[in-house]
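Read the structure below first, then the notes.
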Amino acid sequence: MSTIPLDLDTLNPRQHEAVVHEGGPVMIIAGAGSGKTRVITYRIARLIQEGTPPWRILAVTFTNKAAKEMRERIEHLVGDQAKDIWMGTFHSLCARLLRMDGMAIGLDRNFVIYDDSEQVSLAKDIIKKRGFDDKAIQPRSVLGEISRAKEQLLSPEKYEERASSFFERTVSGIYKDYQKRLTAANALDFDDLLFKAVRLMDESQVVREKYQDKFLHVLVDEYQDVNLSQYRLADLLSSKHRNLTVVGDDDQSIYGWRGADVSLMMRFSVDHPDANLITLDQNYRSTQNILKGAHSVVRHNRTRNDKKLWTDNGSGELISIGETGTENDEARLVVDTIMREVRTGRRSYGDFAVLYRTNAQSRAIEEAFLGHQVPHILVGGTRFYDRKEIKDMVAYLRVIWNSADEISLRRVINTPARAIGPGAITKAEQFAESQGISLFDAFASPTFEQELTKKTVQGIRNFTKTIEDGIELAEPGPITPVLKHVMQASGYLDELRADRTEEAQARLENLQELVNVTAQYDTDPANEVNLGSFLETVALVSDIDTMKGNGDGVKLMTLHSSKGLEFPAVFLMGLEEGVFPHSRALGSDSELEEERRLCYVGMTRAREALYLTYAQRRSQYGQANFNPRSRFIDDLPREIVDQMPGTTMSAQSFSRPSGTPRLEPLRTGGYAVAEEPREKSAGWTPPFTVGQKVSHRKFGIGIVVACAPLKNDAEVTVAFPGATGIKKMVQSLAKLESV
DNA sequence: TACCAGACTATTTTT
DNA sequence: TAGTCTGGTA
């Protein structure tokens, strides 16, 4: 067994302490770039070298990619043993636990995991069946509420007890049906994985003790982003040996919208009064200027433990700021800058990352990259597994694996068209209901066929035969033969081939790519080769997981996806009020604080160079908007910023919320009047400034999110508190008044 | 039943 | 702006 000694001498004293900490609960507050990953890998490697069996160590990471990389690093240190460490995301860990021991709470081990869109179609169906209008009661918001309930470990019954408002009572009913339907389909949604795993530990003493005994050490990374169910699970699993190591940074908590709760970090010390606290505040990644800039943004947060990273690194380059006319100019500025740096040999494409707040922003920048033939890697956007043809094939595989999976069955029963319309499906539903059988069995039943037309019967027979043959083919394990069978026998391939459009061509290529994926999966010794495991892997991949190694291309991704990564040079785009910070956050202090942390995360990704760009004018939802530049830019001390060559910077933005500090002329000055102020070029003056408080006679007091020109008038978007939410209104009619 | 066109509407971040 | 949905028609 190859084991190399750890060079513990190269660690700073705090890191050293964190690595060698013997036992008992520890919380490591690890600032950005403080060598956190190194500490965790060393700690685990050391545990193994000191004799802890790897399979008795559990390490939870935020993404599958992080888990994979960490395992590889540990493998470098301790060799093959690293393969036996339990390592993965909370979700994949829970799937594994439930697959192995879910029977104890009545779970079938063949369960499938429903993703976002499957949840939506299920919720929609329930809302309709309950007689609601799916426009008045929106599936997404209902699902959001159900998700929050599950994160808080509230069962439908418990939720019902607490439900008071009309909305909550409505959700309560839907939540009940939703769970019923999931159970009938032998399916779990993302939140169920956690919810059920906690229930499994709570309810089955045997299982609980099995895992509590097993895990001598439990480590949780990105602890600032755990929700209550994850907190509980980590506690449950570590409660016997009490060797729980949690690592996080409250300044980097950016998943509050997903139920993550930073205050759980505080609770850790309450629940574990004997816990050690180790703070890593030396940054090894960034220049002083970058750290100074990032700190000047995040320090405005009220709910924050004041702390400051320091570094031995030099001050480095100034932070570059670029203002452009439109979002397309902004994209071109980014591309030009990158090309210049590459041409002069200072950097290669792979050194750059371009980060933005929302995926929608990626379009302009991607077009610019394509236009200039700059190699780039887009992370996220429409995921491979979200493409229609891929989802269709995966749905076929799911039905083969688990014929109770009704949502997948509905998806493919008539794809490609085989004369099984809504009429036939309703009949099958009724038949299934009356016979107490599953929808698939209803279709497969000869009795049922009598009521249908010849054509439909033929279609159903073809379909059920395809599935049944698939079940047989799936028996030995490998996925590829099953997939190929389905593509062929379903008529899916034939249909696409007959279609000579470019789109069909692209779909065919994607399907070929899927075959490549399964072929690779089948031959990878790390995998358990059966349909169930494959489907689970597919359900739990994230955008960042699919990012190809360190290929030489500019990485394009959202700020959220960039968490945990670092790059020599980073661009943050769209630094405009309403874009970043996002308009949805403008009305809420806590959400604004999260935006600040997000900015902090983005800025601290950069090692050497940081560029912040914004556009004076941006089309959003097909309309030109004039957003003032982001308050985050104005937070930066002026001695650490510089203006990008070839850009102008208005001395003050188009409209600043009153009282907000302004960026003053830089260095030699002279740029302030270099270009016509944009209100002139637009020929229009907005009635309000973004961020200003206004009152409406019906909705009360709100905050202006955006102003857009309308002939002789203005369209004002205002965020009102509570259920009213965001409203767009015409000024002459709404008669908003500033307050 | 299938397809098309036009209307409509909703715009964050993701395991 | 673009994606989704609905309703009408072939």
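Throughout, protein chains are lettered first and strands after them, A, B, ... in sequence-line order, and every chain is numbered starting at 1. FYI, side chains are in, hydrogens and waters are out, and symmetry mates aren't considered; it's all heavy atoms of this structure.
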In whole angstroms, how far is the [atom2] atom of [N] from the [atom1] atom of [X]?
X: A:L188; N: B:dT15; atom1: CG; atom2: P; result: 18 Å
X: A:K388; N: C:dA2; atom1: NZ; atom2: P; result: 21 Å
X: A:I146; N: B:dT15; atom1: CD1; atom2: P; result: 21 Å
X: A:K65; N: B:dT14; atom1: NZ; atom2: P; result: 15 Å
X: A:I425; N: B:dT1; atom1: CD1; atom2: P; result: 9 Å
X: A:Q361; N: B:dT13; atom1: CD; atom2: P; result: 9 Å
X: A:L194; N: B:dT14; atom1: CG; atom2: P; result: 18 Å
X: A:R418; N: B:dT1; atom1: CZ; atom2: P; result: 14 Å

key: Check: B:dT13 base within 3.5 Å donor-acceptor of A:W257 side chain   = yes
inquiry  = For a quick check, tell me whether the side chain of A:R584 and the base of B:dT11 share a donor-acceptor pair closer than 3.5 Å.
reply    = no
Is any side-chain N or O of [X] closer than 4.0 Å to OP1 or OP2 of [N]?
X: A:N64; N: B:dT15; result: no
X: A:T63; N: B:dT15; result: no
X: A:K124; N: C:dC5; result: yes
X: A:N227; N: B:dT15; result: no

message = What I want to check is whether the side chains of A:T326 and A:N328 have a donor and an acceptor closer together than 3.5 Å.
response = no
query = Do A:D189 and A:Y178 have side-chain N/O donor and acceptor atoms under 3.5 Å apart?
reply = yes
Out of [options], which nucleotide sits closest to the side chain of [X]?
X: A:F190; options: B:dT15, B:dT13, B:dT12; value: B:dT15
X: A:Q138; options: B:dT12, B:dA10, B:dT15; value: B:dA10
X: A:H91; options: B:dT12, C:dA2, B:dT15; value: B:dT15
X: A:A417; options: B:dA2, B:dT14, B:dT1; value: B:dA2

message = Going by centres under 5.5 angstrom and planes under 30 degrees, do the aromatic ring of A:Y255 and the base ring of B:dT13 stack?
response = no
ask   = Is the ring centre of A:H560 under 5.5 Å from the base ring centre of B:dT14, and are the two planes under 30° apart, so that they stack?
value = no
ask   = Checking all strands, does A:N414 fall into the base, sugar-phosphate, or nothing category for heavy-atom contacts under 4.0 angstrom?
value = sugar-phosphate
request  = Please tell me which of A:F90 and A:R357 maps to the more 5' nucleotide of DNA chain B, matching each residue to the nucleotide holding its nearest heavy atom.
outcome  = A:R357
query = Hey, which of these two, A:S92 or A:E495, hits DNA chain B nearer its 5' end, going by closest nucleotide?
reply = A:E495
query = Checking A:R99 against A:F111: charged group under 6.0 Å from the ring centre and within 45 degrees of the axis?
reply = yes
ask   = Do the two ring centres, one from A:H582 and one from A:W257, sit under 6.0 Å apart?
value = no
message = If the condition is salt bridge (Lys or Arg N to Asp or Glu O under 4.0 Å), which residues does A:R618 pass it with, not counting sequence neighbours?
response = A:E330, A:E576
query = Residues in side-chain hydrogen bond (donor to acceptor under 3.5 Å, both in side chains) with A:E593, at least two apart?
reply = A:T303
